[in-house]
Number of protein chains: 2
Amino acid sequence: MEKVEAATARPASPLTERQEARRRRILRASAQLAGRGGFDAVQMREVAESSQVALGTLYRYFPSKIHLLVATMQDQLEHMHGTLRKRPPAGETPGERVAETLMRAFRALQREPHLADAMVRALTFADRSVSPEVDQVSRQTTAIILDAMGREHPTPAQLSAVRVIEHTWHSALITWLSGRASIAQVKVDIETVCRLIDLTDPETPR
Amino acid sequence: MEKVEAATARPASPLTERQEARRRRILRASAQLAGRGGFDAVQMREVAESSQVALGTLYRYFPSKIHLLVATMQDQLEHMHGTLRKRPPAGETPGERVAETLMRAFRALQREPHLADAMVRALTFADRSVSPEVDQVSRQTTAIILDAMGREHPTPAQLSAVRVIEHTWHSALITWLSGRASIAQVKVDIETVCRLIDLTDPETPR
DNA sequence: ATCAAGTCTGAAACTTGTTCTAGGTTAGCG
DNA sequence: CGCTAACCTAGAACAAGTTTCAGACTTGAT
């Protein structure tokens with residue numbers, strides 16, 4: 001079990017203690033507001049007030065609402081990765097394990113649908129100026145999936161499958177959040193796409 | 001030249017000629033502005049001015065910027081479906097044909113990346129209030145894919161695969177638009193996911 | 001042709017994300 | 001300790017999406 005550092009690395013300047021505390025307060029306020037009313041409920045003035053920080057300071061920490069919400073997602077994702085790690089999926093094949101893991105994540109999101117809404121909307125709405133942060137979220141998601149697969153050295157075909165799984169995961173979440181797909185439908189979609197993994201797995205009997 | 005109604009059916013009241021003309025002007029202005037600077041360049045005041053309509057009227061026709069852009073997408077999609085139909089894909093298997101068709105659509109989008117940006121961002125940012133319209137876009141996309149497959153009666157497994165393909169298509173477009181994936185990468189993703197179809201196709205030799 | 005109902009217009013107002021400014025505070029350093 | 005650069009605060013100001021409203025114009029039915 002080596003360091004998981006790289007994930008959060010904020011190479012800039014190492015932030016004093018009070019600054020770290022401010023950052024935490026901001027992220028907490030963001031998640032709290034998002035948890036209530038979703039994307040729209042996260043209003044920058046409210047976040048500032050709620051985290052006892054001036055509006056200008058909020059913008060110094062997070063240069064836009066999208067940045068803030070994507071950072072919130074990074075935060076939550078890290079937490080979730082930790083949680084998921086604790087109880088590894090029990091499926092027979094890598095595909096089953098990935099599906100199981102994603103469904104567990106999905107169930108977690110269902111408990112906070114508004115928060116999920118805010119984070120996912122921000123993620124897909126993000127433009128180029130947020131690329132690094134969004135990429136970071138993507139890497140974290142990939143890590144979770146690879147973890148679930150439990151294959152030390154994924155083949156290139158499997159990596160492609162993982163990319164497609166991530167696409168499906170994000171897009172399925174969106175259709176669920178906007179009320180165009182049921183929970184059951186999301187489940188089917190995830191299971192369908194996860195089959196792609198086993199189809200390229202050298203060790204899975206078919 | 002008969003009507004292509006069904007797709008655009010606006011059951012409300014049947015719009016007079018001048019109203020139809022207004023609607024067209026608005027959509028044209030929207031596409032034009034989007035074609036320049038993407039999502040941000042489509043400013044409601046400018047759309048109104050550019051289409052010779054009062055701001056209030058614009059909002060009567062399209063209750064939000066998102067509605068407007070999603071409608072713009074419906075419009076473009078219809079056009080594209082027509083174009084694609086003219087020259088059917090040549091691939092051997094359904095999966096190859098779908099991949100070919102989507103790549104053709106993708107190339108069309110590459111010619112107007114800003115327009116693509118505006119439409120796709122609107123589509124994924126849309127909330128519940130736009131569900132009917134977004135659903136319509138989704139149905140149209142499904143129709144294009146089924147068309148390309150060339151299978152009269154898709155199996156349930158194939159329909160699931162089509163859903164996953166749509167997810168991948170949307171999400172891959174987003175990663176491309178936000179500069180996080182190359183054109184080549186999108187191609188790989190599409191080809192990867194399209195394999196799902198053949199794997200469930202009763203007539204494809206494997 | 002006339003009237004009522006429904007539309008459209010122009011302009012102002014309101015909301016929320018974002019930027020800017022002037023002055024006060026903090027942290028690190030000599 | 002005292003300085004300086006960086007940081008923080010309160011609040012005004014600006015930008016673009018959305019709402020509202022009074023008055024002018026169209027339309028359809030009589």
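Computed from heavy atoms alone, side chains included, the values below leave out hydrogens, waters and symmetry copies. Just so we're on the same page: letters track the sequence lines, and every chain starts at 1. What you see is a predicted model; the values in this text were computed from it and never measured.
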Which whole-number value in Å describes the distance from [X] [atom1] to [N] [atom2]?
X	N	atom1	atom2	value
A:Arg60	D:dA5	CZ	C1'	11 Å
A:Phe125	C:dG17	CZ	P	12 Å
A:Arg22	D:dC7	CZ	P	11 Å
A:Leu58	C:dC20	CG	C1'	16 Å

(request) In plain terms, say whether B:Glu191 and B:Lys187 are close enough for a salt bridge, that is, a side-chain N and a carboxylate O under 4.0 Å apart. (result)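 Looking at B:Lys187 together with B:Glu191, the answer is yes, because their closest N to O distance falls below 4.0 Å.
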(message) For a quick check of understanding: with a heavy-atom distance under 4.0 Å over all strands, which category does B:Glu49 fall into, base, sugar-phosphate or nothing?
(response)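 The answer is nothing, as B:Glu49 stays clear of every strand by at least 4.0 Å.
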(message) Once you apply a heavy-atom cut-off of 4.0 Å, does B:Glu17 come out as touching a base, just sugar-phosphate, or nothing?
(response)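 Answer is nothing: B:Glu17 stays at 4.0 Å or more from every strand.
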(message) Looking at every heavy atom in both B:Ser178 and A:Ser131, which two are closest together, and how far apart are they?
(response)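 The pair with the smallest heavy-atom distance is O-OG, 2.9 Å.
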(request) With B:Arg121 as the cation and B:Phe39 as the aromatic partner, state whether NZ or CZ is under 6.0 Å from the six-membered ring centre and within 45° of the axis. (result)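 Output yes; distance and angle both within limits.
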(request) Test side-chain hydrogen bond (donor to acceptor under 3.5 Å, both in side chains) on A:Glu166 and B:Ser171 and set out the steps. (result) CA-CA 9 Å; A:Glu166 275 189 60; B:Ser171 177; over 6 Å; no
(request) Answer yes or no: is there a donor N or O on one side and an acceptor on the other, between the side chain of B:Thr57 and the main chain of B:Val53, under 3.5 Å? (result)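 No, because the side chain of B:Thr57 does not come within donor-acceptor range (under 3.5 Å) of the backbone of B:Val53.
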(request) Examine distances only and state if a side-chain atom of A:Gln136 and a backbone atom of A:Glu133 form a donor-acceptor pair shorter than 3.5 Å. (result)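 A pair under 3.5 Å: no.
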(request) Counting heavy atoms from C-beta on, name the nucleotide in D:dT9, C:dC8, D:dC7 closest to the side chain of A:Gln19. (result)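 Of the candidates, D:dC7 comes closest.
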(message) So, OP1 or OP2 of D:dC7: does either fall under 4.0 Å of a side-chain N or O from A:Tyr61?
(response)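 No, no such contact exists.
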(message) Ignoring hydrogens and geometry beyond distance, is a side-chain donor-acceptor pair present between A:Thr93 and A:Asp198 at under 3.5 Å?
(response)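 The criterion, which ignores hydrogens and geometry beyond distance, is satisfied for A:Asp198 and A:Thr93.
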What are the atom names and distances for every N/O pair under 3.5 Å that joins the protein to nucleotides 23-27 of chain D?
none

(message) Around atom CD of B:Glu49, are there more than 12 heavy atoms from other residues, nucleotides or ligands closer than 6.0 Å?
(response)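 Not more than 12 within 6.0 Å, no.
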For nucleotides 17-19 of chain D, print each protein N/O atom paired with a nucleotide N/O atom at under 3.5 Å, atom names and distance only.
unit_1, atom_1, unit_2, atom_2, d
D:dG17, OP1, B:Val42, O, 3.3
D:dG17, OP1, B:Lys65, NZ, 2.9
D:dG17, OP2, B:Met44, N, 3.1
D:dG17, N7, B:Arg45, NH2, 2.5
D:dG17, O6, B:Arg45, NH2, 2.7
D:dT18, OP2, B:Tyr59, OH, 2.9
D:dT18, OP2, B:Lys65, N, 2.9
D:dT18, O5', B:Tyr59, OH, 3.4
D:dT18, O4, B:Arg45, NH1, 3.4

